[in-house]
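So you know, we letter chains A, B, ... as the sequences are listed, proteins then strands, and number each from 1. Note that the structure is predicted; figures quoted are calculated from it, not measured.
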Number of protein chains: 2
Amino acid sequence: MRPLLSCGTWRAVLARAWRPRPSADYLGVLDAQGYARNPPVGACELQGELDRFGGISVRLARLEALDRLDATAFKKGLQVAVQQWQSEGRTAVWLHIPILQSRFIAPAASLGFRFHHAELDSSTLTLWLGEGPSRLPGYASHQVGVAGAVFDEGTRKILVVQDRNKLKNMWKFPGGLSEPGEDIGDTAVREVFEETGIKSEFRSLLSIRQQHTNPGAFGKSDMYIICRLKPYSFTINFCQHECLRCEWMDLNDLAKTENTTPITSRVARLLLYGYREGFDKIDLTVEELPAVHTGLFYKLYHKELPENYKTMTGID
Amino acid sequence: MRPLLSCGTWRAVLARAWRPRPSADYLGVLDAQGYARNPPVGACELQGELDRFGGISVRLARLEALDRLDATAFKKGLQVAVQQWQSEGRTAVWLHIPILQSRFIAPAASLGFRFHHAELDSSTLTLWLGEGPSRLPGYASHQVGVAGAVFDEGTRKILVVQDRNKLKNMWKFPGGLSEPGEDIGDTAVREVFEETGIKSEFRSLLSIRQQHTNPGAFGKSDMYIICRLKPYSFTINFCQHECLRCEWMDLNDLAKTENTTPITSRVARLLLYGYREGFDKIDLTVEELPAVHTGLFYKLYHKELPENYKTMTGID
């Protein structure tokens, strides 16, 4: 991103909308809270940045004199600025507002801005200026839940729980929502341990479920992933808050019982197939690969690929 | 959810914090905007509902007299109410605020509330009242992108594009972000058509990538899924805004070229393996199953399971 908005533009806009206090002295001294009581001459009150899609990004936290600006003056200033950006062919405005400055949200909304997202101590509003419907990217649309199917090949037992807070108590795999930034397999291992006291390690990804307009996801979509885990402890010590029961159950029994959810039943049958015919029939294995531009790494899950295909050795 | 908070509680709280206008007449007449100028005697200004986890949910949109309440009075009222809820052992407060009433956000923030999420014309703030760190569920944490690997078995050609807005032009599969409520396969088919003009249908899910702290996802996580699609049109008419080039390329060439991303290369090799050894080796197939409580349906993806295992017929 390169800075684009000439500071002069915004300073001019705000100057017109500004209503100085009677005691304003324009010396740029700090008040008791450490804020500049008046903008020093030539200071830039607002930074607008142009993104590579032709949008303008405005961060109110960088507008030092904001504390003395009232909502009406802000609205006037924003209105003039938006008109100018529109005349310059900008496609959109992104407005980043610290939570304690939220008095500027309603004035922006009255000019057509809407929430794009908000989290903790900041919100982001957007206004589409381009032609036709907005082409701005949406915010995160899915929550991700992960369950662990902890299967002990030696005894053919699988770890199952019954939730405490359900109307009907059905056997299912322990699991829960991913923490921010947590890998799928790590969520499975963590949730299994928190709910049951069983230690385990990730083996493979078995299934992915996508569900929409989920009440438990605040109306957003839900991705629910079941992993195959291998236990390395066996003594159950389950969480009394979350679970009513927790057992090691014979996999055959889980595959046949009616006292379970459709997805648990299906995955139990998938596991039984894998147990008898080889887990390579059902597993998605994981590998870490480098992202192209960011220098980050990611986890990629797919069916195991023979080594000669991975390297294209001897493949013509 | 059952209503819990006695309306009396909140009315009392607000009455103490209330600062009536000089002209207040308490007749409950409507002003020009259709709002009650004064609360009718005995009216309930605020609805608080108890959820099944012991939290209180407050919807400011239902507080009719809100328009006349200033931020300071709201803060005092909220403070008293929070103290009362805490003394009653409530675990959390959820505050739902219409965007045009956002002047109440900063006062709530000064009492410790933080944004849980916001979208379009509403924000939700939370305050954890329970012991220890917050156990409130997070909001959606992932954006979901889907690409389509459109493969024509008859010619062994695969559809690839080069993005217009990248520093380095590498061959990749057409794709993009899921729309709200859109199924994975539908996103793949839609994005392929929008970018390339090729019509196709969903065959299987091939790979899932999870990546965190993604700049393109506003710092959230990203799930990127590649589907195998079967084309039923072949004349390319690509989107000049998004793509620089679009071609039907021999799958062998894509599997060998260096001018591509690591994930495209990997999936090309996976497809080559499937093409030669059978797509059942690489495909996750999809099925629709019923959710237990909600009456909704969901899509479940996993390796194809033989029919006798699905029904447990003849499996002992």
Please look at [X] and chain B and tell me whether the side chain, the backbone, both or neither of the residue comes under 4.5 angstrom of a heavy atom of that chain.
{"X": "Lys310(A)", "answer": "both"}
{"X": "Ser221(A)", "answer": "side chain"}
{"X": "Thr124(A)", "answer": "neither"}
{"X": "Asp183(A)", "answer": "both"}
{"X": "Ile315(A)", "answer": "both"}
{"X": "Thr264(A)", "answer": "neither"}

Subject >> Side-chain donor or acceptor of His212(B) paired with backbone N/O of Gly181(A) under 3.5 Å >> reply: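 Yes: the side chain of His212(B) pairs with the backbone of Gly181(A).
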Original post:
Is there a donor-acceptor pair closer than 3.5 Å between any side-chain N or O of Gln210(B) and the backbone N or O of Ile184(A)?
Top reply: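 Present.
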Is any side-chain heavy atom of [X] less than 4.5 Å from a side-chain heavy atom of [Y]?
{"X": "Asp121(B)", "Y": "Arg114(A)", "result": "yes"}
{"X": "Glu304(B)", "Y": "Ile282(A)", "result": "no"}
{"X": "Tyr139(A)", "Y": "Gln143(B)", "result": "no"}
{"X": "Val267(A)", "Y": "His302(B)", "result": "no"}
{"X": "Ile225(A)", "Y": "Met223(B)", "result": "yes"}
{"X": "Tyr298(A)", "Y": "Ile263(B)", "result": "yes"}

Among [options], which has the most heavy-atom pairs under 4.5 Å with chain B?
{"options": "Ala106(A), Gly216(A), Ala291(A), Ala118(A)", "result": "Ala118(A)"}
{"options": "Phe113(A), Phe297(A), Tyr273(A), Phe104(A)", "result": "Tyr273(A)"}
{"options": "Ser122(A), Ala217(A), Pro290(A)", "result": "Ser122(A)"}
{"options": "Ala108(A), Ser178(A), Pro306(A)", "result": "Pro306(A)"}
{"options": "Leu100(A), Leu289(A), Val144(A), Thr261(A)", "result": "Val144(A)"}
{"options": "Leu206(A), Asn308(A), Ile105(A), Asn252(A)", "result": "Ile105(A)"}

Original post:
Can you name the side-chain contact (heavy atoms from CB on, under 4.5 Å) partners of Ala255(A), sequence neighbours left out?
Top reply: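 Scan of Ala255(A) (side-chain contact (heavy atoms from CB on, under 4.5 Å), adjacent residues dropped) gives Ala268(A), Arg269(A), Leu272(A), Met312(B).
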Roughly how far apart are [X] [atom1] and [Y] [atom2], rounded to 0.5 Å?
{"X": "His142(A)", "Y": "Asp222(B)", "atom1": "NE2", "atom2": "CG", "answer": "11.5 Å"}
{"X": "Ser141(A)", "Y": "Leu177(B)", "atom1": "OG", "atom2": "CG", "answer": "7.5 Å"}
{"X": "Ile208(A)", "Y": "Tyr301(B)", "atom1": "CD1", "atom2": "OH", "answer": "8.5 Å"}
{"X": "Leu205(A)", "Y": "Ser207(B)", "atom1": "CG", "atom2": "OG", "answer": "11.5 Å"}

Subject >> Glu131(B), CD atom: more than 12 neighbouring heavy atoms under 6.0 Å >> reply: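 Check fails, neighbour count at 12 or below.
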Subject >> Residues, nucleotides or ligands: over 12 heavy atoms within 6.0 Å of Arg164(A) CZ >> reply: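 More than 12 heavy atoms, drawn from other residues, nucleotides or ligands, come within 6.0 Å of this atom.
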Original post:
With a 4.0 Å cut-off, would you call Lys220(B) and Glu119(A) a salt bridge?
Top reply: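 Salt bridge: yes.
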Original post:
Taking the inter-plane angle between the rings of Phe115(B) and Phe115(A) on a 0 to 90° scale, is it parallel (under 30°), tilted (30 to 60°) or perpendicular (over 60°)?
Top reply: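 Taking Phe115(A) first and then Phe115(B), their aromatic rings stand perpendicular (interplane angle over 60°).
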**OP:** Over all heavy atoms of both residues, which pair between Gly138(B) and Phe218(A) is shortest? Give the atoms and the distance, please.
**Re:**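 Between these two residues, the closest heavy atoms are O-CE1, 3.5 Å.
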**OP:** Check Leu125(B) against Ile99(A) and note the closest heavy-atom contact, atom names and distance.
**Re:**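 That closest heavy-atom pairing would be CD2-CD1, 4.0 Å.
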Original post:
Can you list the residues that meet the salt bridge (Lys or Arg N to Asp or Glu O under 4.0 Å) rule with Lys303(B), with sequence neighbours excluded?
Top reply: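 Checked Lys303(B) against salt bridge (Lys or Arg N to Asp or Glu O under 4.0 Å); zero matches.
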Looking at chain A, which one of [options] has the largest number of heavy-atom pairs inside 4.5 Å, strictly under?
{"options": "Glu287(B), Arg266(B), Gln211(B)", "answer": "Arg266(B)"}
{"options": "Lys299(B), Glu277(B), Arg103(B)", "answer": "Lys299(B)"}
{"options": "Ala71(B), Pro180(B), Ser110(B), Ser123(B)", "answer": "Ser123(B)"}

